[in-house]
Asks: 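Shown below is the structure under consideration.
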Amino acid sequence: MAMTTCNYVLVVPLLVINLIILANSAVDDDLGFGASYIFGDSLVDAGNNNYLQTLSKANIAPNGIDFKASGGNPTGRYTNGRTIGDIVGEGLGQPHYATPYLAPNCTGRTILYGVNYASGGGGIMNATGRIFVNRLSMDIQIDYFTITRKEIDKLLGRSKARDYVMKKSIFSITIGSNDFLNNYLLPVLSVGTRITESPDAFIDDLLSHLRAQLTRLYKLDARKFIIGNVGPIGCIPYQKTINQLKENECVELANKLALQYNARLKDVLAQLNKELVGATFVHANVYDLVMELITNYDKYGFVTATKACCGNGGQFAGIIPCGPTSSMCSDRDKHVFWDPYHPSEAANLIIAKQLLEGDPKYISPMNLKQLRDL
């Protein structure tokens, strides 16, 4: 009898130990899919601005109406469903969306599945987006990642953490549009800047800041990068509306500046690929991707690439951001643009698919699935 009791006493601790080992290995299996650390602006913000006193917010209906994970409730994403960052994470096999850094649940092991630092109105330059009062600039986003990086060390131990960040983590950067729209091209407020700084000098400034920011991430062990260039910002409904353009016209200056910046960005990334040992900088040609959707929208099943689905004001519903009093289209998946500034989930799906497995003219020197498996 004593023998049986003794065996029983031994079995229970062994069972508990086995369960702990199984639980830990399941968590580690989960980590095998890697993480997305997402930096940028409202194109990829997943809710950081909800926690800021800011004029740039998307946590109001009908934003998020098609976001299944929230049951159609707004989450702070500036679109009707998933952002490009969300869709790319799914396509890479990651089991969880990257959690907004400022969200209360962005703690513990959650950070190992990816963190989103992006902020509506944010830019490369700290002055960008000051019209919105508060936003997280790229510098602040990297400051926050520095804190996350120390937490990863605590969770995994220094050696395993370094390995995880270098080999299993993709650093996604979608930034630059606001540096033109809400800085250099901003009516009235930016006139002084444009008098004192030529477009060339401004773009120089942007790229030297971005180069320093990417180098900072490299020093924190980031090795796999995807950098999006600036899209055709002269073709968004807001720009077309305020400039009273026809359906097939875009604002020339805005697009010209974007193309100027993009050409130089490609050179900077090529230099960084040579200079930063072991790093891979993938260039996402967002400009041509979005321009293709705008030019040949009907080929992709869209009915319009000029009118915002949700918005108010002017011919293209392009002046007032999407909110409860906005008019909203019934065929949301037939619009390239969800609101005056941002693509719809249907457009995001097409863009993300190209980034994941697409054509070298849109994503080079490799696509994101190849980058993940590197």
Side-chain angles (χ1 to χ4, degrees), residues 41-43 56 58 62-63 65-66 77-81 83-84 120 174 176-182 184-188 190 199 228-262 284-323 325-354 359 361-362:
D41 53 31
S42 56
L43 291 167
S56 179
N63 291 297
I65 192 168
D66 299 307
R77 288 166 168 83
Y78 292 73
T79 183
N80 57 309
T83 67
I84 295 168
T174 305
S177 300
N178 285 314
D179 292 290
F180 294 105
L181 291 174
N182 292 306
Y184 197 70
L185 292 172
L186 202 63
V188 188
S190 69
N229 67 10
V230 171
I233 49 178
C235 302
I236 61 175
Y238 171 74
Q239 285 285 321
K240 287 169 85 92
T241 304
I242 63 164
N243 288 283
Q244 299 179 321
L245 298 184
K246 297 193 179 101
E247 195 141 354
N248 60 350
E249 290 179 318
C250 295
V251 179
E252 209 177 314
L253 175 62
N255 279 357
K256 189 181 160 198
L257 288 171
L259 285 169
Q260 236 176 302
Y261 168 84
N262 291 346
N285 186 358
V286 176
Y287 188 98
D288 283 357
L289 247 173
V290 175
M291 197 52 115
E292 163 66 15
L293 286 187
I294 289 169
T295 311
N296 301 307
Y297 62 89
D298 47 350
K299 190 172 105 181
Y300 298 91
F302 294 108
V303 295
T304 175
T306 51
K307 192 167 185 189
C309 169
C310 181
N312 276 343
Q315 189 186 347
F316 306 116
I319 294 176
I320 299 161
C322 180
T325 58
S326 304
S327 57
M328 183 175 69
C329 67
S330 54
D331 50 352
R332 298 186 287 275
D333 58 347
K334 301 276 190 237
H335 284 61
V336 170
F337 286 98
W338 161 243
D339 67 8
Y341 305 90
H342 306 98
S344 62
E345 183 184 68
N348 284 339
L349 277 162
I350 294 166
I351 296 163
K353 189 175 180 353
Q354 285 289 1
D359 191 311
K361 77 174 176 181
Y362 296 132

Asks: Please report the closest heavy-atom contact between S326 and G311, naming both atoms and the distance.
Replies: CB-N, 3.7 Å
Asks: Report the distance from atom CG of N285 to atom CD1 of I351, rounding to the nearest 0.5 Å.
Replies: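 CD1 of I351 is found 11.5 Å from CG of N285.
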Asks: Report yes if the side chains of N348 and T79 come closer than 4.5 Å at any heavy-atom pair, otherwise no.
Replies: yes
Asks: Nearest 0.5 angstrom please: Y287 OH to N229 CG, how far?
Replies: 9.5 Å
Asks: Output the distance between atom SG (C322) and atom CD1 (I320), rounded to the nearest 0.5 Å.
Replies: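 C322 atom SG to I320 atom CD1 measures 11.5 Å (nearest 0.5 Å).
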Asks: Answer whether the closest heavy-atom distance between the side chains of P199 and Y184 falls below 4.5 Å.
Replies: yes
Asks: Can you list every pair that meets salt bridge (Lys or Arg N to Asp or Glu O under 4.0 Å) and has a residue in residues 229-254, with sequence neighbours left out?
Replies: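 Those involving residues 229-254 do not exist here.
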Asks: Test L257 against every option in L181, L185, V230 by the side-chain contact (heavy atoms from CB on, under 4.5 Å) rule and name the one that passes.
Replies: L185
Asks: Is there a donor-acceptor contact under 3.5 Å from the side chain of D359 to the main chain of Y362?
Replies: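 No, the answer is negative, given that no donor and acceptor are paired below the 3.5 Å cut-off.
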Asks: Identify the heavy atoms of A308 and P340 that sit nearest to each other, and give their distance.
Replies: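 Smallest heavy-atom distance, with atoms named: CB-N, 3.8 Å.
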Asks: Let me check something: any side-chain donor-acceptor pairs from residues 290-305 under 3.5 Å, sequence neighbours excluded? List them with distances.
Replies:
from, atom 1, to, atom 2, distance (Å)
E292, OE1, N296, ND2, 3.0
E292, OE2, N296, ND2, 3.4
E292, OE2, K299, NZ, 3.2
E292, OE2, Y300, OH, 2.5
T295, OG1, M291, O, 2.6
T304, OG1, T306, N, 3.1
T304, OG1, T306, OG1, 3.1
T304, OG1, K307, N, 3.1

Asks: Quick one: does any side-chain atom of S177 pair with a main-chain N or O of G231 as donor and acceptor, under 3.5 Å?
Replies: no
Asks: For H342, what residues pass the ring pair (Phe, Tyr, Trp, His ring centres under 6.0 Å) criterion, not counting sequence neighbours?
Replies: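 H342 satisfies ring pair (Phe, Tyr, Trp, His ring centres under 6.0 Å) with Y78 once adjacent residues are dropped.
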Asks: Can you pull out every salt bridge (Lys or Arg N to Asp or Glu O under 4.0 Å) where at least one residue sits in residues 329-347? Sequence neighbours excluded, please.
Replies: D66-R332, R82-E345
Asks: Once ring pair (Phe, Tyr, Trp, His ring centres under 6.0 Å) is applied, do any residues pair with F180, and if so which ones, sequence neighbours excluded?
Replies: F202, Y261
Asks: Can any side-chain N or O of T241 pair as donor or acceptor with the backbone N or O of I319 at less than 3.5 Å?
Replies: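 Not a single qualifying donor-acceptor pair exists.
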Asks: Working to the nearest 0.5 angstrom, can you tell me the gap between Q354 CD and I84 CD1?
Replies: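 Separation between the atoms: 12.0 Å.
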Asks: Is it true that a side-chain atom of D41 and a backbone atom of G120 form a donor plus acceptor pair closer than 3.5 Å?
Replies: no
Asks: Quick one: does Y341's side chain get under 4.5 Å of Q239's, heavy atoms only?
Replies: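 When only atoms from C-beta onward are counted, Q239 and Y341 do not touch, as no gap falls below 4.5 Å.
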Asks: Output every pair passing side chain to side chain donor-acceptor pair (under 3.5 Å) with a member in residues 314-323, not counting sequence neighbours, ordered by first then second residue.
Replies: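 Non-adjacent pairs meeting side chain to side chain donor-acceptor pair (under 3.5 Å): zero.
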Asks: Using the disulfide bond (SG atoms under 2.5 Å apart) rule, take C310 and C329 through it: C-alpha gap first, then chi angles, then the decisive distance, then the call.
Replies: CA-CA 7 Å; C310 181; C329 67; over 6 Å; no
Asks: Can you confirm whether I236 sits close enough to F316 that some side-chain heavy atom of one is under 4.5 Å from a side-chain heavy atom of the other?
Replies: no
Asks: Can you tell me if N63 and N80 form a side-chain donor-acceptor pair at under 3.5 Å?
Replies: no
Asks: Pairing donors with acceptors under 3.5 angstrom, does anything connect the side chains of N312 and S327?
Replies: yes
